Amino acid sequence: MTATLAATTLGAAGSASDPGADRPSGATPSPVPTPPRTSDLPDWADRVVAGMSLPRKVGQLFVTVVYGPRADSSHPGNREEHGLDTPEEVVRAFHPGGVIHFSWTDSLHHPRQIAELSNDLQRAALDSGAGLPLTIATDQEQGLVTRIGPPATVFAGNMAHGAARDPHLARRAAFVTGHELRAMGITQNFAPVGDVNVNPENPVIGVRSFGSDPELVARMTRAQVRGYQDTGAPSETVSAAVKHFPGHGDTTVDSHTALPVIEHTDSQWRRLDAPPFRAAISAGVDAVMTAHIRFPGLDDSGEPATLSRTLLTGLLREELGFDGVIVTDSLRMRGVRELHPDESVAVLALRAGADQLLMPPNLSEAVDAVVAAVRDGRLSVDAIDRSVARILRAKARRGVITDPLVRLSAVERVVGSPRNLREARRVTDPTVTLLRDEPGLLPLRHPPEGVLVTGWGTQTCAELADRLRRRGSRVRTLPTGASPTEEDAARVAREAAEYDLVLVLTNAAWKEDRAGQRELARAPAEAGVPTIAVAVRDPYDAAHVERIGTWLTTYSHRPVAMESLARVLFGETSPQGRLPVPVPDPQRPDTDRYPFGHGITW
């Protein structure tokens with residue numbers, strides 16, 4: 001497609017040269033044949049693939065990063081990584097199947113900017129000679145992993161959903177997130193997390209998981225897949241990608257920095273890790289993301305799952321029957337780079353059965369390596385064709401082929417709308433969990449005259465303080481960070497005496513290197529001041545500070561969680577959350593201090 005044709009098809013609604021113009025969805029037709037009904041998609045995809053050159057096919061296998069807030073803006077990241085200046089130059093040169101956005105790529109500033117960037121990148125793809133629109137992806141898991149913040153609607157996250165125990169609410173959260181992402185031109189969300197967090201010391205999953213019970217996680221995973229993919233016209237939905245297969249929930253190593261080993265047996269995997277992936281597949285999930293983990297109980301080759309044909313082709317494809325897109329986790333992570341040189345990893349992933357290669361550390365080298373592997377017979381043309389066809393079918397199911405552009409005038413109406421914000425509060429209110437209230441402080445019958453809010457998170461302390469002020473209390477914040485000192489604890493103890501109530505926020509205070517948070521939490525209680533502690537991440541903190549008699553957990557530090565917390569504190573709603581994970585006793589790890597399902601209410 002030429003630039004002249006793109007401008008002509010826009011007509012009076014806007015032009016390709018005017019990034020501020022309103023661009024209607026579907027205004028730029030794709031040069032590939034229009035996709036048919038879903039039942040005929042395989043034949044359509046095969047016909048499109050048959051007309052593609054090998055370099056174009058290989059390009060479709062890659063999802064890469066591009067740097068900068070505009071498609072035509074020069075950014076040193078593009079020059080350093082790709083040898084080009086602008087995002088659109090990268091798209092035109094490499095013909096990737098997709099791009100992925102992060103804050104660190106300078107791509108995510110505000111909703112309209114994201115939508116403009118999406119539209120212009122799609123134009124670059126359609127005008128590049130490949131003629132195929134992009135998959136535009138991000139990780140909007142919500143909660144801990146939220147790439148796009150306000151004014152977009154932000155939810156508390158997966159473990160909070162697990163505490164609410166309501167798949168309908170989890171589906172509604174995915175519906176809102178998916179519709180907002182698509183309004184900004186993002187067509188794939190690398191979510192939901194289907195990992196079952198059975199290890200409290202997991203450094204990389206934790207509250208990103210719905211919980212420790214396989215059936216609970218399966219129900220929530222199924223609900224969110226449907227929320228992302230089945231709640232509107234195709235052009236209003238996003239592809240979901242359940243992750244991280246075959247299951248990243250029982251590890252004490254972060255695969256970003258090393259290669260973890262999961263010691264589950266085959267029977268344990270089938271009981272603990274498999275149910276959420278089975279549920280996602282039965283719900284029709286478009287993609288499954290692989291984990292960079294060794295799983296010797298399933299494959300004793302020593303390879304990470306991403307490079308294991310036993311796991312990707314044998315287990316996921318043949319046994320579980322998944323015929324969607326298998327996407328690797330980031331190929332920049334150390335977990336997949338420990339055993340092989342970078343230039344080999346992309347080829348090995350494809351040989352294992354992956355279709356989509358996410359974020360290779362050097363795109364040019366990875367593309368050349370795959371092309372060379374096809375030409376020398378290490379990769380078959382048929383296998384490449386099957387992968388490209390799967391990717392095209394996923395794009396067609398989401399309406400990306402026929403509707404690659406978004407209408408800019410709709411962005412502000414959809415993203416962060418009052419209705420969506422109300423929905424976020426409705427979804428979050430039932431998640432707050434009261435673990436103990438031995439002094440009977442809750443609910444607060446009257447606003448305390450003076451409240452000190454201290455502990456982790458400058459912004460989180462401020463958000464909670466704002467909610468308390470609205471309810472009539474005089475509030476001071478004294479944030480102390482993730483690792484408060486003895487001096488910080490002493491200061492809080494001194495100043496607490498001037499207040500009627502102290503609220504202490506903790507974030508992963510159970511960790512060995514965060515002992516200062518535990519000392520800080522004890523300080524006002526030991527000074528005799530009524531104290532309420534709130535774990536704004538993992539619920540495990542409560543078992544590590546027994547001196548405080550009132551403990552709640554929100555599983556999240558997001559503003560919507562602080563609003564729901566305030567509503568519980570003041571009795572505007574009751575604490576309805578139930579623990580989606582057990583909280584072990586730190587002195588007796590085999591004994592639960594608070595069992596799965598625990599939660600006090602009134």
Side-chain angles (χ1 to χ4, degrees), residues 111 137-184 186-195 197 205-211 216-232 236-243 276 279-280 283-286 414-433 536-537 553-565 567 573 576-578 580:
T138 195
D139 301 276
Q140 191 79 343
E141 295 174 13
Q142 296 292 6
L144 188 64
V145 178
T146 299
R147 306 302 187 196
I148 305 170
T153 304
V154 177
F155 290 86
N158 284 0
M159 194 167 283
H161 293 316
R165 298 291 202 282
D166 191 336
H168 173 72
L169 295 180
R171 178 172 176 163
R172 292 297 299 173
F175 162 79
V176 169
T177 297
H179 277 240
E180 291 195 357
L181 288 175
R182 193 57 183 268
M184 293 181 277
I186 292 172
T187 69
Q188 182 165 42
N189 191 15
F190 289 130
V193 173
D195 302 312
N197 200 70
I205 303 301
V207 294
R208 298 168 64 194
S209 167
F210 292 108
L216 172 64
V217 178
R219 290 196 301 274
M220 296 297 171
T221 298
R222 181 185 296 109
Q224 290 223 312
V225 168
R226 290 174 173 163
Y228 287 126
Q229 296 187 174
D230 301 335
T231 50
E236 297 175 332
T237 63
V238 295
S239 287
V242 64
K243 57 190 186 186
V285 69
D286 281 353
V414 174
V415 180
S417 69
R419 178 178 180 178
N420 287 352
L421 295 175
R422 288 194 299 271
E423 187 81 341
R425 200 197 77 181
R426 187 172 77 89
V427 167
T428 308
D429 274 354
T431 69
V432 178
T433 306
V536 299
R537 185 168 165 174
T553 182
T554 60
Y555 315 93
S556 174
H557 65 275
R558 299 298 177 184
V560 68
M562 294 303 98
E563 173 63 29
S564 293
L565 170 63
R567 287 168 54 76
T573 186
Q576 301 170 52
R578 291 181 289 146

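Everything quoted here is computed from the prediction, not taken from an experiment.
Considering only heavy atoms from C-beta on, Phe210 stays 4.5 Å or farther from Pro276 through its side chain. Looking at Lys243 and Val193, their side chains come closer than 4.5 Å, going by heavy atoms from C-beta outward. Side-chain contact between Thr433 and Tyr555: present, with at least one pair of heavy atoms (C-beta onward) separated by less than 4.5 Å. Side-chain atoms of Met159 and Leu144, non-hydrogen and from C-beta on, never get closer than 4.5 Å to each other. Under the 4.5 Å side-chain criterion, counting only non-hydrogen atoms from C-beta, Arg537 is not in contact with Ser556. Annotation: side chain of Thr231 is in contact with side chain of His179 (closest heavy-atom distance under 4.5 Å).
With Thr177 as the fixed residue, the side-chain hydrogen bond (donor to acceptor under 3.5 Å, both in side chains) test singles out one of Gln140, Glu141, Gln142: Gln142.
Ser209 and Asn197 share no donor-acceptor pair across their side chains, judged by distance under 3.5 Å alone.
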Item to complete: For the pair Asp139 and Arg208, evaluate salt bridge (Lys or Arg N to Asp or Glu O under 4.0 Å) and give the outcome as yes or no after the intermediate values.
Response: CA-CA 12 Å; Asp139 301 276; Arg208 298 168 64 194; over 6 Å; no
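Applying the side chain to side chain donor-acceptor pair (under 3.5 Å) test to residues at least two apart or on different chains, the pairs with a partner in residues 149-172 are Thr153-Glu180, Arg172-Glu423.
For the pair Ala183 and Val414, the tightest heavy-atom approach, listed with the atom from each and the gap, is CB-CG1, 3.8 Å. Nearest heavy-atom pair across Pro430 and Leu169 is CG-CD1, 3.9 Å. The heavy-atom pair separating Thr138 from Asn189 by the smallest distance is O-OD1, 3.3 Å.
Remark: Asp429 engages Arg425, Ser564, Arg567 in a side-chain contact (heavy atoms from CB on, under 4.5 Å) (not counting sequence neighbours).
No donor-acceptor distance shorter than 3.5 angstrom exists from the side chain of Gln224 to the backbone of Ala191, with no hydrogens or angles considered. For the pair Thr146 (side chain) and Gly149 (backbone), a donor-acceptor distance under 3.5 Å is absent.
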